[in-house]
Amino acid sequence: MKFSLNRSDLLEPLSKVVSVLEKRQTLPILSHVLVVVNQQGITLTATDQEVELQTQIGFDGGSLNIEAEGGCALPGRKLLEICKHLPADARLDFRRRDKHVVLSSGAFESQFSTLPAEDFPNIDGQGQAIQSFRIETQPFRQMLAKTVFAMAQQDVRYFFNGMLFELSEGAVRLVATNGQRLAVVSRQVQHEGALQGRPIVPRKGVLELVKLLDEVDTEVTLSFTENCLLVEMTGCRFLSKLIDGEYPDYEKAIPTGSDKHFSCDRQAFREALIRTAVMSNEVYKNVKLSLETGRLSLFTNNPLQEQAEETLAVMYEGDDLEIGFNVHFLIEALNAVGSDVVQVALSGQTSPCLITDPEEEQAQFVISPMVI
Amino acid sequence: MDADTSQASSEETTRKFIHVDMDCFYAAVEMRDDPTLTNLPLAIGGRPDQRGVVATCNYPARTFGIHSAMATAYARRLCPDLIVLPPRMAYYQAISREIRAIFHRYTDLIEPISLDEAYLDVTDSEHCQGSATRIAAEIRQVIFDETGLTASAGIAPIKFLAKICSDENKPNGQFVLTPSTVDDFVRALPLKKIPGVGKVTQAKLGKLGLITCQDIRDFGEAALSQHFGSFANHLFQRAWAHDPRRLTTEWIRKSVSVERTFSEDLTEQAEAAPIIERLTAELEKRLTPYASRRIKNQQVKLKFSDFTQTTVERQSDSLDPALTQTLLESAWDRGFGKGVRLIGLGVHFYDPEPEQSQQLALFEAAELQGAP
């Protein structure tokens, strides 16, 4: 293995894959990046055994020069640190020296330990893609942003620590919940062949995907095999294992018979909640909403007998209702809605509320109340 | 029994705890207000079409297997004629306050667990010649006379046993453990009755052949801790009837007052005006931390030159200067011309609202068992 290239052509593909590495690994090789050099160029791969990211460095940049093919695993963070701190216009020379790899650049020389390429634990994503669809990056990124916050973290009901991709003819629906609040958003997609299924992508896979999409602006193709999600973008290929489990019937959690509907300015509601949240009980994070014709009052207090309240003008006509919520669940849902006006449907003190954008029915946010 | 445990127990058995538990409280309130409901299956909770859950149900409903925390929709399947009423929390809170006021006639050592449950420590009570059994009976009778609701009680020298006892003769009954009967009772006590032992722990204990507290005593703490870690100590303590906890009562301020003694007695009411003004300002300042408390009444206290004193108070929801003037006049008149050596101003508060918050879930536990 012997090749050289400009620092600028290596830095971005390398830092992308290194971001996948876990800070603490169970196996030494999981701190390594697999470097494979062949006629196509260089492929960098990193994995934490749940997700795997591959980036490609081709000859388009004009700086890559390969003298000998080969492959091995190199310590990812060390390699990145050194590259980062070399001059912007540095030329990097890599060559094998026995069991080591030597990187030299000008007067600088470093020697890396290596692990054999054969030992690299690639995720087996080679199975036949059963489901595949294309989606424009921008709207897909928005869909993820509207749902990602609602996933659970380290819940024993492990399927909550992930996102449901509900695939159906011509459409994809993303669903995330922690069992107390729920976010659902759907969108039309293009696909060839049948589209159907309910794969669950684990939290880490979703979060990495969100990061990757930030830098891509055309469209992406998502393919699901039996046990993996495969996403291909220009210059990189992302794999995530799927969670093996049956996602609960989330549709039952979306209230349908609500009889109290109000709408109001989203920002005003959100900011009032953020202010009143300061005085809410540190344990329960509760806020009490009192709804009456034309107005909504927010009230929080805590055991120190501190309190905050605010009244907002809302479009509402109907019976009075007092209901409690985790104030952060409300704020996060209002962040996700994104519209100027927000619509809230309620029915009773112990029934979940539904928050929607009146102009866009594709996104729904459900929050279960607190009994205060 | 080893020496340590026996010593600890004898020290503990000198206390007298009463655990008062209202019988199906929310349902009982609704049946009291509408007696036609009495013999019909009744649940208080969220509506079935809104994914509500049963908060409380009456005994006719319980014969169908309905219990609290069950989905209302599921309860309706068990009993299609089930009447479901929405909870009226503010109303229940008001009744709970009445009941707490009754407790206060007997002791100030009260630990409310929820709206319908409280521990009382009557160790030092002089009511009923200090008989906890008779105090409990009297409290239950007074609750019934004044609210029309029935309560059950458990009386025991150890806190956690009092709670277990209140369940023994439910509804509308009580059960007493005297210090001499504690040991026999605890030996035979099924472990599942110990607070903190849920279904999972119970199953784990069952696998080891541990059913009663006697079984745990025989098993030994060392062996137990191999299976239950730090929880073993808790179990072992309880199995030896050891629970050193007293009540967790929060000291709650009932009033705020300020007063001033004069170097020379006042003889004319007019001389009091600037003093009242200063005292009012001082009282207002002292009231600021209690902004969330509801003021119940306002009073003026005078001490006369002969050291007799009088207090005049009137209902008021705020500190009202006009009312202070009225109260001062009627207090002054009671002195029949005697000089005034001290003026005090104060307010009494209502008891603070009991605090409890519970986040409701979006999914039934049963719905989440689909996953492997």
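Sequence lines set the chain letters: A, B, ... in the order given, protein chains first and strands last, and positions in each chain run from 1.
For A/K204, the salt bridge (charged side-chain N to carboxylate O under 4.0 Å, His left out) partners are A/E22, A/D48, not counting sequence neighbours. With sequence neighbours excluded, the residues satisfying ring-ring contact (aromatic ring centres under 6.0 Å, His included) with B/F231 are B/H234.
In terms of heavy-atom pairs under 4.5 Å with chain B, the best-connected choice from A/T256, A/N178, A/T350 is A/T350. Your options are A/P255, A/G324, A/G348, A/P369, and the one with the most heavy-atom pairs under 4.5 Å with chain B is A/P369.
Minimum interatomic distance between B/A361 and A/S368 (heavy atoms only, all atoms of both residues): O-OG, 3.3 Å. Between A/Y250 and B/F363, the shortest heavy-atom contact is CA-CE2, 3.8 Å.
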Evaluate the side-chain contact (heavy atoms from CB on, under 4.5 Å) criterion for residues B/Q359 and A/F329: first the C-alpha distance (whole Å), next the side-chain angles of each, then the deciding distance (0.1 Å), finally the verdict. CA-CA 11 Å; B/Q359 172 68 52; A/F329 289 177; 3.9 Å; yes
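Surrounding CD of B/E282 are more than 12 heavy atoms belonging to other residues, nucleotides or ligands, all under 6.0 Å away. By the neighbour-count criterion of 12 heavy atoms within 6.0 Å, atom NZ of B/K296 is sparsely surrounded, having that number or fewer from other residues, nucleotides or ligands. No more than 12 heavy atoms of other residues, nucleotides or ligands shown are found within 6.0 angstrom of OH on B/Y74.
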Under 3.5 Å, side-chain donor or acceptor atoms of residues 75-83 of chain B against the rest of the protein: list the pairs with distances, not counting sequence neighbours.
residue: B/R76; atom: NE; partner: B/L82; partner atom: O; Å: 3.0
residue: B/R76; atom: NH2; partner: B/L82; partner atom: O; Å: 3.2

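Among the residues in residues 288-299 of chain A, none has a non-hydrogen atom closer than 4.5 angstrom to a non-hydrogen atom of chain B.
Atom CD1 of A/I254 is separated from atom CG of B/L362 by 9.5 Å, given to the nearest 0.5 angstrom.
Looking at A/Q307, only its side chain comes within 4.5 Å of chain B, counting heavy atoms on both sides.
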